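A quick write-up on the structure given underneath.
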Amino acid sequence: METLKTRAEFKRVQKGRKWVTPAFIMQGLARADAESQGPRFGFTVSGKSVAVEGEGGRKRGKAVDRNRARRRLKEAVRLTFSDAARPDLDYVIIGRAFALSRKFEDLLADMRRAFHKVGQPARSDKENNPAP
RNA sequence: CCAGUCGGCCGGAUGGCCGCUGUUCGCGCGAUCUUUGUGGGCCGCAAGGUCGUGAGCGCGCGGAUGGAGGAAAGUCCGGGCUCCACGGAAACACGGCGCCGGAUAACGUCCGGCGGGGGCAACCCCAGGGAUAGUGCCACAGAAAGCAAACCGCUUUCCAGAUCCUGACGCAGCGCAUGCCGGGCCAUCGGCCUCAAGCGGCGCGGAACGCGUCAGGCUCCUGAGAGAGUAAGGGUGAAAGGGUGCGGUAAGAGCGCACCGCGCGGCUGGCAACAGUCGCGGCACGGUAAACCCCGCCGGGAGCAAAACCGAAUAGGGACGGCACGGCUCGCGGGCUUCGGCUCGCGGCGGAAUGCGUUUCCGCAUCGCCGUCCGGGUUGGUUGCUUGAGGCUCGCGGCAACGCGCGUCCCAGAUGAAUGGCCAUCGCGGCGACAGGGGGGCAACCUCUUCCGCCGGCACAGAACCCGGCUUACAGGCCGACUGGCAUU
């Protein structure tokens, strides 16, 4: 599984198609250079986004929670992308609060559905502007 | 057994499936290098080419092996390291620290003491230098908050007398039947009772007490009055100018004495902080320095996003070469000069040219264009990057912190950021109740425990250059030493 490395790549994918679930937000965009093959993924989780409602107001997610949310999302992508993701797209997955508590099999189902939804309009884009 | 104090340690375990990353070994592929002193083969006169061998690098596959914490956290101190600044020293300013001795690379840390405070005790807590160097502040309350003063109170002198004292008089009251009349009872001239708890009219007395009037007074008392003394007591406060006791005094007061405290000086013990003791001082010198300040010690700044190296595109800078290089009584600067000037660069004016907006007009932009090279430099990449004031065992020195020596081990290095995801069993925690067992109770029942079921996914928390500390967070659990209490032998 190849990951996005630079800030510029992340900013670019932000313009792409978006799909929201309780555990994450997925964005996808066709890659400009056709150099590498297979899809690429970027993961991002902020402390604010995984904040948990507790006694005395919201509790900001600490580093442990952020890392754990990212790992679960990463694992879910790893188990689903080979047959669900489109190889000519870059994806960005943004963690949300339920990334920690959602059952893992539901997370996998969410992920497959998100790949389908994000990949669908990209196909029509490709028909309008065929890549060189 | 219960309660507690101190120190040390752990902080889920095992397995299955699928992953990430470092190191190392092997294999494969890729580009590069592989001698210019005889130094693989072949071709070539040669430059060189080609095949092979080897090397490091990159990628892939396979094997082996390592992979979060006690706080990785907060970023509060101290260092290493890097860059910047800086001739040395001192002073000033600013900041930090502050009992003494030791440990340490250093520290605001640690150890051992000292002093003060708390606890029955084990033990715990303390920013703990200087308040006779100076300045400031001390809210509220209180009379008064720093230099003595005096609200209540206490005492005294004078003055005064509603209250006080003395005297006189009067009244009330008391007494007198050994005062009279009256009255009553018994009765023989007479005797008895009655000054009222129950009875009329008069009279006498002045020891004590009461009231009134008058006069006098300061012995007592009083103060709506003036002055003086006092700080014992009351009250306020965090704090009120030493404490307790005896003496003393008009009342009091270190006014005097004893003990304690305080200050000064000496002696003894201790490296020292300090402790003990002797003498003197009659007690002034309140607190606050986490108020300014004084004294002593320490301190250059910024930080791994430090810093070094490699370096794409675009824009801009410089050098060189080629092409182009038109005007001016202009300005500035350089070079040459036969001093007439010539020439180059920059700028100004003018405007040719080129490009753009559809053309002219007009407007805007450029003032050279092209090529090669150089330096700086952003995205990015590499290094820094993990062997270090390092861990462990043993021995020695030291009360200890710690030091020394021998041996042994290598123990995370990610960078949109690895060290994991999911599941099962056990463990843990909570809840439930059928049943069995133990304890308490007359009983209802309560409680502990075993088994069972369900639930929770299970404390605080994720390395980011590295060490030494501090602080803060933390479910549950283990070990050791010690203290107090109860019970038993």
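FYI, side chains are in, hydrogens and waters are out, and symmetry mates aren't considered; it's all heavy atoms of this structure. No experiment lies behind these values; they were computed from the predicted model shown. In the text below, chain A, chain B and the rest are named by the order of the sequence lines, each starting its count at 1.
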For this session: Starting from P on B:A417, measure out to CZ on A:R68 and report it in whole angstrom.
Result: 18 Å

Exercise. Across all strands, who's sitting opposite B:C336 as a Watson-Crick or G-U wobble pair, both distances under 3.5 Å?
Worked result: B:G341

For this session: Measure the distance from CD on A:E105 to C1' on B:G421 and round it to the nearest whole Å.
Result: 14 Å

Exercise. Can you check whether A:L107's main-chain N or O pairs, donor with acceptor, with A:R72's side chain at less than 3.5 Å?
Worked result: no

Seminar exercise, completed: Heavy-atom nearest nucleotide on RNA chain B taken for A:R70 and for A:L79; more 5' hit belongs to A:L79

Problem set entry | A:K62 side chain, from C-beta outward: closest of B:C18, B:A461, B:G421 | B:A461

For this session: Please report, rounded to the nearest Å, how far the P atom of B:G420 is from the NZ atom of A:K74.
Result: 13 Å

Seminar exercise, completed: The glycosidic conformation of B:A253, counting syn as within 90° of 0 and anti otherwise, is anti

Seminar exercise, completed: Note: A:K117 and A:R17 closest approach over all heavy atoms is O-NE, 4.3 Å

Exercise. Is the base of B:C411 syn or anti, where syn means the angle lies within 90° of 0?
Worked result: syn

For this session: Based on the glycosidic angle (syn within 90° of 0, else anti), state the conformation of B:G108.
Result: anti

For this session: For nucleotides B:G377 and B:A312, find the distance between their P atoms and express it as a whole number of Å.
Result: 13 Å

For this session: Could you check A:F41 against A:E75 and say which one's nearest nucleotide on RNA chain B is further toward the 5' end?
Result: A:F41

For this session: State whether A:R72 places a side-chain N or O below 4.0 Å from either non-bridging phosphate oxygen (OP1 or OP2) of B:C422.
Result: yes

Exercise. Glycosidic conformation of B:G469, syn or anti, with 90° from 0 as the boundary?
Worked result: anti

For this session: Could you work out the separation of B:A418 and B:C20 based on their C1' atoms and round it to a whole Å?
Result: 6 Å

Exercise. Across all strands shown, which nucleotide pairs with B:C159 by Watson-Crick or G-U wobble geometry, both distances under 3.5 Å?
Worked result: B:G223

Exercise. What does B:A149 pair with, Watson-Crick or G-U, if both distances are under 3.5 Å?
Worked result: none

Exercise. Can you tell me how far P in B:U222 sits from the matching atom in B:C165, rounded to whole Å?
Worked result: 12 Å

For this session: Indicate yes or no for a side-chain donor-acceptor contact from A:R68 to the backbone of A:L100 under 3.5 Å, with no hydrogens or angles considered.
Result: no

Problem set entry | Verify same cluster id: A:F98, A:V45 (apolar side-chain graph, 4.5 Å) | no

Exercise. Distance between the C1' atoms of B:G203 and B:G182, in whole angstroms?
Worked result: 14 Å

Problem set entry | Partner nucleotide of B:A105 by Watson-Crick or wobble geometry (both distances under 3.5 Å) | none

Seminar exercise, completed: Mate of B:G112 across any strand shown (Watson-Crick or G-U wobble, both atom pairs under 3.5 Å) is B:C100

Exercise. Just how far, in rounded Å, is C1' of B:U379 from CZ of A:F10?
Worked result: 16 Å

Problem set entry | Polar side-chain atom of A:Y91 near backbone of A:R86 as donor-acceptor pair, under 3.5 Å | yes

Problem set entry | Side-chain touch A:T21/A:R96, heavy atoms, less than 4.5 angstrom | no

For this session: Look at the side-chain heavy atoms of Ile, Leu, Val, Met, Phe, Trp and Tyr, link any pair under 4.5 Å apart, and say whether A:M111 and A:F104 land in one connected group.
Result: yes

Exercise. Taking atom C1' in both B:A141 and B:A93, what distance in whole Å separates the two?
Worked result: 45 Å

Seminar exercise, completed: Separation of B:C20 atom P from A:F43 atom CZ, nearest Å, is 13 Å

Problem set entry | P-based separation of B:A89 from B:G69 [nearest Å] | 47 Å

Exercise. Using atom P of each nucleotide, how far apart are B:C120 and B:A127 to the nearest Å?
Worked result: 24 Å

For this session: Return the nucleotide paired to B:G279: Watson-Crick means purine N1 to pyrimidine N3 with N6-O4 or O6-N4, wobble means G-U with N1-O2 and O6-N3, both under 3.5 Å.
Result: B:C264

Exercise. If you measure from the Lys or Arg side-chain nitrogens to the Asp or Glu carboxylate oxygens, is any gap between A:R78 and A:E75 under 4.0 Å?
Worked result: yes

For this session: Give A:F104 one of three labels, base, sugar-phosphate or nothing, depending on what nucleic acid heavy atoms sit under 4.0 Å from its own.
Result: sugar-phosphate

For this session: Could you tell me whether A:F41 and A:F81 have their ring centroids closer than 6.0 angstrom?
Result: yes

Exercise. Mind checking the P distance from B:C264 to B:A273? Whole angstroms is fine.
Worked result: 15 Å

For this session: Calculate the interatomic distance between A:L73 atom CG and B:A417 atom C1'; express it in whole Å.
Result: 16 Å

Under-3.5 Å N/O pairs linking protein and nucleotides 68-74 of chain B:
none

Exercise. A:I94 CD1 to B:G416 C1': how many Å, rounded?
Worked result: 13 Å

For this session: Heavy atoms only: give me the nearest A:A84-A:F115 pair and the separation to one decimal.
Result: O-CB, 3.6 Å

Exercise. Across all strands, who's sitting opposite B:G7 as a Watson-Crick or G-U wobble pair, both distances under 3.5 Å?
Worked result: B:C479

Exercise. Starting at CZ of A:R66 and ending at P of B:G416, how long is that distance when rounded to a whole Å?
Worked result: 15 Å

Exercise. If we call it a pair only when both distances are under 3.5 Å in a Watson-Crick or G-U wobble match, what pairs with B:C257?
Worked result: B:G245

Problem set entry | Assigned glycosidic conformation for B:U65 [threshold 90° from 0] | anti

